[in-house]
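These notes are about the structure you will find just below.
Remember, it's a predicted structure, so these values are computed and weren't measured experimentally.
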Number of protein chains: 2
Amino acid sequence: MAIELRRPERAFSIRQLCMEFKVTPRALRFYEDKGLLSPAREGVNRVYHNRDRARLQLILRGKRVGFSLADIREILELYDEKDGGATQMACSLKKYRERIVELHSQRDDIDGAIAALEEGCAWLEKQLLDVRPDLLPQADDYDSVLRGRLVGVPGHG
Amino acid sequence: MAIELRRPERAFSIRQLCMEFKVTPRALRFYEDKGLLSPAREGVNRVYHNRDRARLQLILRGKRVGFSLADIREILELYDEKDGGATQMACSLKKYRERIVELHSQRDDIDGAIAALEEGCAWLEKQLLDVRPDLLPQADDYDSVLRGRLVGVPGHG
DNA sequence: GCTTTGATTGACGTTGACGTAAAGGTGATC
DNA sequence: GATCACCTTTACGTCAACGTCAATCAAAGC
């Protein structure tokens, strides 16, 4: 029925995925070992398809927000067996909720930390401006920081 | 001059601090070993004062937002020797900035994760409502979750 | 055919943040 | 004065998340 317009089924080598997401082959094999990935094989070599790529994205995002690999595995398993046992689903729902609460408080912490660090920056700048203005970062330094922020995220979709 | 109205100088035993912040004595001694804390001694026993308590708060908050203990140590040191070398200050300023950028993207990640998890929750609830509504959490469960969120943070000042 | 390049599977090493067990000191209480 | 509860230091153990190294295999180019 529905033609998959924007997801042509692609295959990736381990190198391709590693370069795209800036991880090592070791990491991908490790995730496979832990049951987070299960790429196809072409002979003995691993072949990753769209599904594996999507899962890898979830893995890395999960890591960035503080999930352990074990947590991530549970979540991925849930995505798989969305028809699975209802009890299991209820259990997962609870875990989801708990994690959401945690994430909210984590976000508050981050907001607090950002505020504190910015205050610290302001103080430092003020001091440096008085004492050693030559040591203050220049405009192009800020540029590079901004660029870093823009290109730092691989495929945030 | 200024009377310390809201910060009566208090002393805490290691146990008191541990219970208040839900950490183990081992952790506190570990932080001390790493130069993050330096409580007074009463004989051979450790005595923590307001300053130590405040530093511990910073340590734990720092951990929650992804700082390593080494990072936290740098920050704490900076808070101490705010008169320190200008070059050192410029260096710290740079690190602060980098960390702020990181924290911003971490916050974006968290927002994304929260959205994804809430979507997942909605889906799960819908399914469960169809299949096993008896397994859905009840109102008092939500209450306990909310309470947990309110009392979970020790003294977020 | 030989070498290079990249993939594979073990297996052991590493780092951070503690846990845990051993061996002992101190003050209160029974 | 013996037990108990709690403190101390020292030292080794652990766990997650990989890094690193070795030995091997397989296709590609010369």
Side-chain angles (χ1 to χ4, degrees), chain A residues 11-49 52-53 55-77 95 99 102 106 109 113 154, chain B residues 11-49 52-53 55-77 95 99 102 106 109:
Chain A
F12 309 87
S13 77
I14 193 170
R15 277 291 155 194
Q16 286 175 320
L17 235 57
C18 286
M19 291 194 317
E20 179 174 357
F21 291 99
K22 312 213 169 185
V23 295
T24 65
R26 176 71 179 101
L28 292 194
R29 297 190 194 109
F30 185 76
Y31 297 153
E32 185 176 344
D33 228 50
K34 296 292 171 183
L36 298 175
L37 292 175
S38 43
R41 296 292 176 126
E42 198 170 82
V44 70
N45 288 1
R46 290 167 174 83
V47 181
Y48 298 85
H49 293 100
D52 306 300
R53 205 192 93 113
R55 288 172 76 96
L56 180 55
Q57 265 186 347
L58 278 177
I59 293 171
L60 297 179
R61 161 174 284 181
K63 284 194 41 166
R64 281 197 297 270
V65 301
F67 286 95
S68 76
L69 290 188
D71 293 331
I72 298 173
R73 185 181 156 189
E74 281 185 58
I75 295 176
L76 288 176
E77 279 171 359
K95 284 190 180 173
R99 184 60 75 173
E102 271 183 55
Q106 225 183 86
D109 282 337
Chain B
F12 309 88
S13 78
I14 193 170
R15 277 293 154 191
Q16 286 176 320
L17 235 55
C18 285
M19 290 193 320
E20 178 174 357
F21 291 100
K22 312 213 168 185
V23 295
T24 65
R26 176 71 179 102
L28 293 193
R29 297 191 193 109
F30 185 76
Y31 298 154
E32 185 176 345
D33 226 52
K34 297 292 171 183
L36 298 174
L37 291 175
S38 43
R41 296 290 176 127
E42 198 171 82
V44 70
N45 289 359
R46 291 169 173 82
V47 181
Y48 298 84
H49 293 100
D52 305 299
R53 205 192 92 112
R55 287 172 76 96
L56 179 56
Q57 266 187 345
L58 279 176
I59 293 171
L60 297 179
R61 161 176 284 181
K63 283 193 44 167
R64 281 197 296 271
V65 300
F67 286 95
S68 76
L69 291 187
D71 293 332
I72 298 173
R73 185 181 155 188
E74 282 186 58
I75 295 177
L76 288 176
E77 279 172 359
K95 285 189 181 175
R99 185 60 73 172
E102 271 183 54
Q106 213 177 334
D109 281 337

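In this structure the side chain of A:Phe67 reaches within 4.5 angstrom of the side chain of A:Arg99, judged on heavy atoms. For the pair B:Leu56/B:Tyr48, no side-chain contact is recorded, criterion being any heavy-atom separation below 4.5 Å from C-beta on. Side chains of A:Tyr31 and A:Leu60 form a contact here, defined as non-hydrogen atoms less than 4.5 Å apart. Proximity of B:Phe21 to B:Gln57: side-chain heavy atoms (C-beta onward) are separated by under 4.5 Å at one or more points.
Atoms CD1 (A:Ile14) and C1' (C:dT5) sit 15 Å apart, rounded to a whole Å. Put simply, NZ on B:Lys63 is 14 Å from P on C:dG16, counting in whole angstrom units. Taking atom CD1 of residue A:Ile59 and atom C1' of nucleotide D:dA16, one finds them 15 Å apart after rounding to whole Å. Between the CG atom of B:Asn45 and the C1' atom of D:dT9 there is a distance of 12 Å, given to the nearest Å. Look at CZ on B:Arg64: it is 16 Å from C1' on C:dA17, rounded to the nearest Å. Whole-Å rounding puts the B:Leu17 CG to D:dC7 C1' distance at 15 Å. Rounded to a whole Å, the CZ atom of A:Phe12 is 16 Å from the P atom of C:dA7. A:Ile72 places its CD1 atom 9 Å from the P atom of D:dC18, with the value rounded to the nearest Å.
Remark: of the listed residues A:Val23, A:Leu28, A:Leu76, A:Leu76 is the sole one forming a side chain to side chain contact (heavy atoms under 4.5 Å, CB included) with A:Ile59.
Residues A:Pro25 and A:Cys18 approach most closely at N-SG, 3.3 Å, considering heavy atoms. For the residue pair B:Gly35 and B:Arg55, the shortest heavy atom distance occurs at O-NH2, 4.4 Å. Contact between A:Ile72 and A:Lys63 at its shortest, heavy atoms only, is CD1-N, 3.7 Å.
Closest to the B:Arg15 side chain, of the nucleotides C:dT9, D:dC7, D:dT8, is D:dC7. Of the candidate nucleotides C:dT9, C:dC18, D:dC7, C:dC18 has the atom nearest to the side chain of B:Leu69.
For the segment residues 27-37 of chain A, the set of residues with a heavy atom within less than 4.0 Å of an atom of DNA chain D comprises A:Ala27, A:Phe30, A:Tyr31, in numerical order.
For the pair B:Arg53 (side chain) and B:Leu17 (backbone), a donor-acceptor distance under 3.5 Å is absent.
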- Tell me, for nucleotides 20-28 of chain D in 5' to 3' order, what letter each nucleotide earns: B for a base near a protein heavy atom under 4.0 Å, S for only sugar-phosphate near one, - for neither? B--------
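Using a 4.0 Å heavy-atom distance criterion, A:Ser68 is classed as a sugar-phosphate-only contact.
Distances shown here put every side-chain N or O of A:Thr24 at or beyond 4.0 Å from the OP1 or OP2 atom of D:dC18. For B:Arg46 and D:dT9, the shortest distance from a side-chain N or O to OP1 or OP2 is below 4.0 Å.
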